[in-house]
Amino acid sequence: MGKFIHEWKKSHGAGELRAQHEGQTVVLMGWVDATRDHGKAVFVDLRDRSGLCQVVFDAADIGDEGFELAGGLRQEYVVAVRGTVRKRAGKPNPNLSSGEIEVLAANLELLNRSAPMPFPVADEVDAGETTRLRYRFLDLRRGPLQHAMITRSRAAQVARSHFDAEGFLEFETPILTRSTPEGARDYLVPSRVSAGTFYALPQSPQLFKQLLQVAGYERYYQIARCFRDEDLRADRQPEFTQIDIEMSFVSPDDVMDVCGRMVSKMFTELRGAGVPDPIPRISYAEAMSRYGVDNPDVRFEMELEDITEKAATCDFKVFSAVASAGGRVIGLCVEGGAKMSRKDIDALTDFVKTYGAKGLAWVKRSGDDLSGPVSKFVDDSLRSALLGDMKMKDGDLGLFIADGDASVALTAAGRLRAHLGQTLGLVSPGSFGFVWITDFPMFERDDETGRLVAMHHPFTAPKEEDLHLLETDPLAVRTSAYDIVVNGQEIGGGSIRIHDQAVQSRVFRALGIEEEEARAKFGFLLDALSFGAPPHGGLAFGFDRLISILVGSDSIRDVIAFPKTTRAACLMTQAPSQVDGAQLEELGLQLKK
RNA sequence: GGGGUGGUAGUUAAGUUGGUUAUAACGCCGGCCUGUCACGCCGGAGGCCGCGGGUUCGAGUCCCGUCCACCCCGCCA
């Protein structure tokens with residue numbers, strides 16, 4: 001035992017062997033993927049990271065002791081095999097890269113056994129995610145996850161070599177940092193040395209990368225871990241990774257160009273997918289009116305139509321009331337949708353209700369006839385909206401969301417559009433739709449507190465021409481911020497930052513952050529801005545989302561080696577866990593009750 | 001915080017109007033088999049029906065609570 005691992009070196013990857021290796025003596029090391037015991041011959045599929053190779057143990061060649069050992073092999077045992085590559089004695093297996101050949105074993109070393117597997121190491125596995133997360137180290141042996149991890153590693157290399165070639169320097173910024181207001185809830189780390197005080201884990205390296213611009217490094221990048229203590233989703237984890245960049249002396253175009261080129265390299269090199277050059281841009285306002293969302297899926301048309309004016313005069317009270325109350329009536333024409341059943345439409349109604357819509361009105365067109373509950377209210381004006389503006393043709397379905405709150409109507413309609421795009425198969429699988437969204441508003445109103453909050457973050461530079469509105473009409477102030485969206489998912493966003501201390505103070509004031517408070521919490525930033533801060537801006541990509549799109553996965557859990565559940569727990573390590581009273585004592589902490 | 005779906009053998013599932021010993025497939029264990037590759041054939045073991053309470057002569061099944069996983073809203077850039 002142990003002889004081979006010391007005396008022998010693994011000579012080839014199992015999946016690398018080909019007919020050209022015929023006659024060579026090789027040493028393979030890996031896992032038993034499958035065994036087929038025929039009594040006097042045992043076939044073993046040996047797997048390592050490179051793939052599979054069939055190894056044959058023939059009683060006549062390997063001797064009694066070795067043969068008995070081979071017969072005892074089970075799934076996921078770890079073995080070393082020395083043998084000779086030969087053309088397959090039986091039929092070649094076209095499903096294997098090494099299917100032309102096999103290795104006739106001369107020696108076998110059992111390096112380790114495996115307990116029975118909770119689920120097989122196969123590309124398709126029917127075990128639930130709970131089981132797979134508990135045994136993540138086994139799930140990671142499977143092909144699809146291996147592919148995701150390899151893609152992730154390659155994508156990181158593409159990013160590094162791209163930004164390195166563009167003159168960026170890679171930095172590390174603190175993980176233990178200070179809590180700042182705004183944004184998400186912080187993960188806190190108690191300080192032992194200064195009991196009663198806390199570090200926060202960074203929600204992003206935002207302030208540090210700006211300070212590195214003040215420090216004169218001009219081009220910064222980092223593949224940075226970020227932490228946010230908020231409720232989770234398929235595309236949100238408590239810790240996630242950003243490709244973070246920041247540049248001095250740049251316009252939004254400069255940032256979008258250098259980032260667009262990186263995206264182009266990634267999709268070209270890792271997916272063989274073309275990326276338009278330049279990537280199209282639309283303003284936030286345009287995105288909202290055409291798609292109802294700021295992350296539109298541009299792979300299909302079916303744009304929203306605001307028919308408020310033409311619906312204002314009809315007898316359908318829902319429309320006319322909303323129109324006179326200053327709300328919006330938004331229409332969506334579903335091509336060929338007239339064949340949808342009442343049940344289908346009811347399901348869509350339930351869908352839009354989750355976004356706050358009160359209901360979903362609809363009209364079907366068959367020839368020149370309009371049918372459906374709303375059809376009897378269709379006057380000439382509304383008819384021109386349906387057939388003219390919405391371009392409803394024979395067999396089409398018109399869907400309408402009306403709401404006194406314009407943003408509710410738009411959002412619900414936008415989500416409905418995205419939902420229909422997926423469910424009606426309007427997007428061809430494997431295609432990609434890229435778009436930049438620009439000119440975001442600086443502020444939005446917090447519904448709970450009624451206060452203004454920064455839409456991006458409070459360091460985003462307002463547009464020069466809107467600066468004068470900062471005090472008088474803050475909601476009308478637009479910024480330089482830009483998001484990059486692929487297939488209806490935001491994969492990155494950034495902005496030009498404020499580099500003028502006076503402007504930064506005005507923004508804090510607009511947000512209701514008093515001078516004193518701003519001093520206390522962001523003093524170091526305001527200081528920095530006063531010492532010759534260059535104009536600067538940057539962007540951060542959501543690396544996990546980017547990879548999930550590259551590998552075609554629905555969940556970023558599939559592209560993170562050790563992800564957490566929706567309750568932010570790790571089913572493998574059982575984190576988070578309770579800690580010793582002594583540890584708490586040392587930190588000066590006491591648990592409630 | 002709210003809504004939805006699910007939890008039965010190692011895994012994935014079935015389980016009727018509440019009824020006797022809770023099924024199946026794969027996996028596992030034993031035996032046979034020299035050309036298989038999802039090998040095949042014969043035999044076997046394996047259950048806190050998520051957990052706690054209740055209704056009932058009797059609960060996997062009905063009721064209440066609770067935990068866990070996933071999806072969505074809120075939240076989060």
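In what follows, chains carry the letters A, B, and so on, assigned in the order in which the sequence lines appear, proteins first and then strands, with residues in each chain numbered from 1. Below, all heavy atoms of this structure are taken into account, side chains as well, without hydrogens, waters or symmetry copies.
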Proximal nucleotide (of [options]) relative to the [X] side chain:
{"X": "Val56(A)", "options": "C28(B), G35(B), C33(B)", "result": "G35(B)"}
{"X": "Arg567(A)", "options": "G35(B), A69(B), U34(B)", "result": "A69(B)"}
{"X": "Ala127(A)", "options": "G35(B), C70(B), U11(B)", "result": "U11(B)"}
{"X": "Ala60(A)", "options": "U34(B), A69(B), U36(B)", "result": "U34(B)"}
{"X": "Asp126(A)", "options": "C39(B), C76(B), U12(B)", "result": "U12(B)"}
{"X": "Arg74(A)", "options": "C37(B), G30(B), G1(B)", "result": "G30(B)"}
{"X": "Ala569(A)", "options": "C72(B), C33(B), A69(B)", "result": "A69(B)"}
{"X": "Thr130(A)", "options": "C37(B), C71(B), A69(B)", "result": "A69(B)"}

[X] has an atom [atom1]; how far is it from atom [atom2] of [N], in whole Å?
{"X": "His38(A)", "N": "C32(B)", "atom1": "NE2", "atom2": "C1'", "value": "12 Å"}
{"X": "Asn295(A)", "N": "C76(B)", "atom1": "CG", "atom2": "C1'", "value": "14 Å"}
{"X": "Asn95(A)", "N": "C39(B)", "atom1": "CG", "atom2": "P", "value": "12 Å"}
{"X": "Asp405(A)", "N": "G74(B)", "atom1": "CG", "atom2": "P", "value": "13 Å"}
{"X": "Glu76(A)", "N": "G10(B)", "atom1": "CD", "atom2": "C1'", "value": "15 Å"}
{"X": "Leu138(A)", "N": "U11(B)", "atom1": "CG", "atom2": "P", "value": "13 Å"}
{"X": "Lys353(A)", "N": "G3(B)", "atom1": "NZ", "atom2": "P", "value": "16 Å"}
{"X": "Asp244(A)", "N": "A77(B)", "atom1": "CG", "atom2": "P", "value": "15 Å"}

Worksheet item: Does anything in residues 537-563 of chain A pair up under side chain to side chain donor-acceptor pair (under 3.5 Å), and if so which pairs, sequence neighbours excluded?
Response: Glu129(A)-Arg557(A), Arg152(A)-Asp544(A), Ser553(A)-Asp558(A)
Applying a 3.5 Å limit to both distances, which nucleotide forms a Watson-Crick or G-U wobble pair with [N]?
{"N": "G40(B)", "value": "C32(B)"}
{"N": "A69(B)", "value": "U5(B)"}
{"N": "U16(B)", "value": "none"}

Can you tell me, in whole Å, how much space there is between the [atom1] of [N] and that of [M]?
{"N": "G52(B)", "M": "A9(B)", "atom1": "P", "value": "16 Å"}
{"N": "G35(B)", "M": "G40(B)", "atom1": "C1'", "value": "13 Å"}
{"N": "A45(B)", "M": "A22(B)", "atom1": "P", "value": "14 Å"}
{"N": "U5(B)", "M": "C57(B)", "atom1": "P", "value": "32 Å"}
{"N": "G27(B)", "M": "C63(B)", "atom1": "C1'", "value": "37 Å"}
{"N": "U16(B)", "M": "C32(B)", "atom1": "C1'", "value": "41 Å"}
{"N": "U61(B)", "M": "G54(B)", "atom1": "C1'", "value": "15 Å"}
{"N": "A24(B)", "M": "C49(B)", "atom1": "C1'", "value": "16 Å"}

Fill in: Residue whose nearest RNA chain B nucleotide is more 5′ - Ala89(A) or Arg415(A)
Ala89(A)
Item to complete: With RNA chain B as reference, determine whether Leu232(A) or Gly183(A) sits nearer its 5' end, using the nearest nucleotide of each.
Response: Leu232(A)
With heavy atoms under 4.0 Å as the rule, sort [X] into base, sugar-phosphate or nothing.
{"X": "Gln489(A)", "answer": "nothing"}
{"X": "Phe43(A)", "answer": "base"}
{"X": "Ala122(A)", "answer": "nothing"}
{"X": "Asp58(A)", "answer": "base"}
{"X": "Arg47(A)", "answer": "nothing"}
{"X": "Glu129(A)", "answer": "sugar-phosphate"}
{"X": "Gly128(A)", "answer": "sugar-phosphate"}
{"X": "Tyr355(A)", "answer": "sugar-phosphate"}

Tell me the closest heavy-atom pair linking [X] and [Y], and the distance in Å.
{"X": "Leu104(A)", "Y": "Arg86(A)", "value": "CD2-NH1, 3.5 Å"}
{"X": "Arg142(A)", "Y": "Pro120(A)", "value": "CD-O, 4.2 Å"}
{"X": "Leu140(A)", "Y": "Ala561(A)", "value": "CD1-O, 3.6 Å"}

Quick test of your reading of the model: are [X] and [Y] salt-bridged, counting only N-O distances below 4.0 Å?
{"X": "Glu239(A)", "Y": "Lys564(A)", "answer": "yes"}
{"X": "Arg141(A)", "Y": "Glu76(A)", "answer": "yes"}
{"X": "Asp253(A)", "Y": "Arg281(A)", "answer": "yes"}

Practice prompt. Could you verify whether a donor N or O on one side chain and an acceptor N or O on the other, from Gln222(A) and Thr173(A), lie under 3.5 Å apart?
Written response: yes
Would the base of [N] count as contacting [X] through its side chain, where contact means a donor and an acceptor less than 3.5 Å apart?
{"X": "Arg236(A)", "N": "C75(B)", "result": "yes"}
{"X": "Asp231(A)", "N": "C76(B)", "result": "no"}
{"X": "Glu230(A)", "N": "G74(B)", "result": "no"}
{"X": "Arg134(A)", "N": "G10(B)", "result": "no"}

Worksheet item: Is the OH atom of Tyr199(A) crowded by more than 12 outside heavy atoms at less than 6.0 Å?
Response: no
Ignoring backbone atoms, test whether [X] places a side-chain nitrogen or oxygen under 4.0 Å from the OP1 or OP2 oxygen of [N].
{"X": "Thr566(A)", "N": "C70(B)", "answer": "yes"}
{"X": "Arg233(A)", "N": "G74(B)", "answer": "no"}
{"X": "Arg185(A)", "N": "C75(B)", "answer": "no"}
{"X": "Thr565(A)", "N": "A69(B)", "answer": "yes"}
{"X": "Gln203(A)", "N": "A77(B)", "answer": "yes"}
{"X": "Arg36(A)", "N": "U36(B)", "answer": "no"}

Practice prompt. Please list all pairs passing the ring-ring contact (aromatic ring centres under 6.0 Å, His included) test where one or both residues lie in residues 38-88 of chain A, with sequence neighbours left out.
Written response: His38(A)-Phe43(A)
